[in-house]
Amino acid sequence: MVSIEEALALVNQQEVKGTPDELPLAQSLGCCLSKQIQSPFDLPSFDNSAMDGYAVCGLTSQFEIVGEVAAGNTSKNELSEGQAMRIFTGGKVPENTTAVIMQEKVRVEGTALILEEKVVEGKNVRKRGTEIAEGQVVFEEGHRVTPATVGVLSSLGFGSVTAYQQPVIHVIATGNELVEPGEEKESGQIYESNSQTLATALQDQGFYCGSRQKIADDLDVIAEGIDENLEQCDVLLITGGISVGDYDYVKEALEENDVEEIFYKVFQKPGKPLYFGRRENQFVFALPGNPASSLTCFYVYVLPLLQKLSGGAGNGLMRVNLPMAHDYEIKFDRPVFLKAQIEEKKVSILDGQGSSMIHSMAQGNALAFVKGPIQITEGDPIECLLI
């Protein structure tokens, strides 16, 4: 058995080699850039108006209107002292523009423009290169593409990016008692939820589940399923069958498939029977069958590896330290991940902390990490993983 710190270190120590690929920008969301990106030009690439109004030349209070500039107008316009042009947001300001006066601050009488405020040089003009300069590093290697990233790169004219391929991830749920949701179940059976939970957790973190499969508690069937899936994926997640019961065959089936054990069992609650192994460049996590344990182990251990495989830093979920909203006692001697709710910058521990109870996890937004036994007092700081 290893500690949480040892388990995380073993995950982080794995040498992984991401595969760069040229991806259309629209398909790069969630991927990590495999090389640095520099700006090919200034952004904005020309001085433009920050609002609808009038571009003026000079510091007087009255100007002659001599034209109009709409957004997208590529004509070269020039103002002389005392002249003004009607201009719209994003329009290229004429040469010699002193400022842009918002339309609500002027009065128009024929071709005469009369100002109701003083001209302040440079006001309402977005200068060339004020957001990004030509040659500036926009994003470093390893940056994870977000919707805002796509917006920036589109603005810079990029139609594609070189990013690391996402790992191919498969999920197997084991158990004779499992029935697919939507089907009729009998007494003693339960609906299978872990594989769908993990698939959506993957999606929520920017990954994709390539296959979900339900397998009975049979050594030969499980071994065959592991072999078939490892032929097709980079990371295999297995739920259930990893403890020490009479029908827990997953560990033996992994050994039959030449998967090298990196660690088995972690001193924690929930999720003690957690397995991590590797076969060449493929990785296997065998997660506990209890739903809350399975999802907790995914967030704490699986996610950092997936981030590394896709070119990221592998830091896992964001962690924050916040004060407790109430007193709370932990009597057992294992470090524990508690389902929690953060509200108004304070942490409340939820009811329903059993490893099989995922309802409370659905109602919360954090996992509070505490090393027991301990008596926590209201106001004490507590580390939380944001889910």
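Atoms considered below: every heavy atom in the structure, side chains included; atoms not considered: hydrogens, waters and symmetry mates.
Put simply, the side chain of Phe88 does not reach to within 4.5 Å of the side chain of Asn73, judged on heavy atoms. Between Ile65 and Val108 the shortest side-chain heavy-atom distance falls below 4.5 Å. Under the 4.5 Å side-chain criterion, counting only non-hydrogen atoms from C-beta, Met85 is in contact with Leu79. Considering only heavy atoms from C-beta on, Asp380 stays 4.5 Å or farther from Pro323 through its side chain. Proximity of Gln268 to Ile4: side-chain heavy atoms (C-beta onward) are separated by under 4.5 Å at one or more points.
Asp333 contributes no side-chain N or O that, together with a main-chain N or O of Pro373, makes up a donor-acceptor pair within less than 3.5 Å. Side chain of Ser28 to main chain of Cys31: no donor-acceptor pair is present (N/O by atom type, distance under 3.5 Å, no hydrogens or angles). Listed for the Thr162 side chain is no donor-acceptor partner under 3.5 Å among the backbone atoms of Glu22. Between the side chain of Tyr191 and the backbone N or O of Glu183 there is at least one donor-acceptor pair closer than 3.5 Å. Judged purely by atom type and a 3.5 angstrom limit, Asp218 uses its side chain to pair as donor or acceptor with the backbone of Asp220.
Gln205 and Arg144 get closest at one heavy-atom pair: O-NH2, 2.9 Å. Of all non-hydrogen atoms in Ala50 and Thr89, the two that sit nearest each other are O-CG2, 3.9 Å.
Heavy atoms of other residues, nucleotides or ligands lying less than 6.0 angstrom from CD of Glu104 number more than 12. When the shell of 6.0 Å around CG of Asn281 is examined, it contains 12 or fewer heavy atoms from other residues, nucleotides or ligands.
Using a 4.0 Å cut-off between a side-chain N of Lys or Arg and a carboxylate O of Asp or Glu, Glu78 and Lys92 do not qualify as a salt bridge. Between Glu131 and Arg126, none of the side-chain N atoms (NZ, or NE/NH1/NH2) sits under 4.0 Å from a carboxylate O, so this pair counts as no salt bridge. Ionic pairing of Glu231 and Arg279 is present here: one or more N-O contacts between side-chain nitrogen and carboxylate oxygen are shorter than 4.0 angstrom. Between Glu383 and Arg319 a salt bridge is recorded (basic side-chain N to carboxylate O distance below 4.0 Å). Ionic pairing of Arg107 and Glu109 is present here: one or more N-O contacts between side-chain nitrogen and carboxylate oxygen are shorter than 4.0 angstrom. Classification of Asp47 and Arg128 as a salt-bridged pair fails, no side-chain N sitting under 4.0 Å from a carboxylate O.
His143 and Phe139 have parallel rings, their planes meeting at less than 30° on a 0 to 90° scale where 60° marks the start of perpendicular. Using a 30° and 60° split on the angle between ring planes, Phe263 and Phe276 fall in the tilted class, from 30° to 60°.
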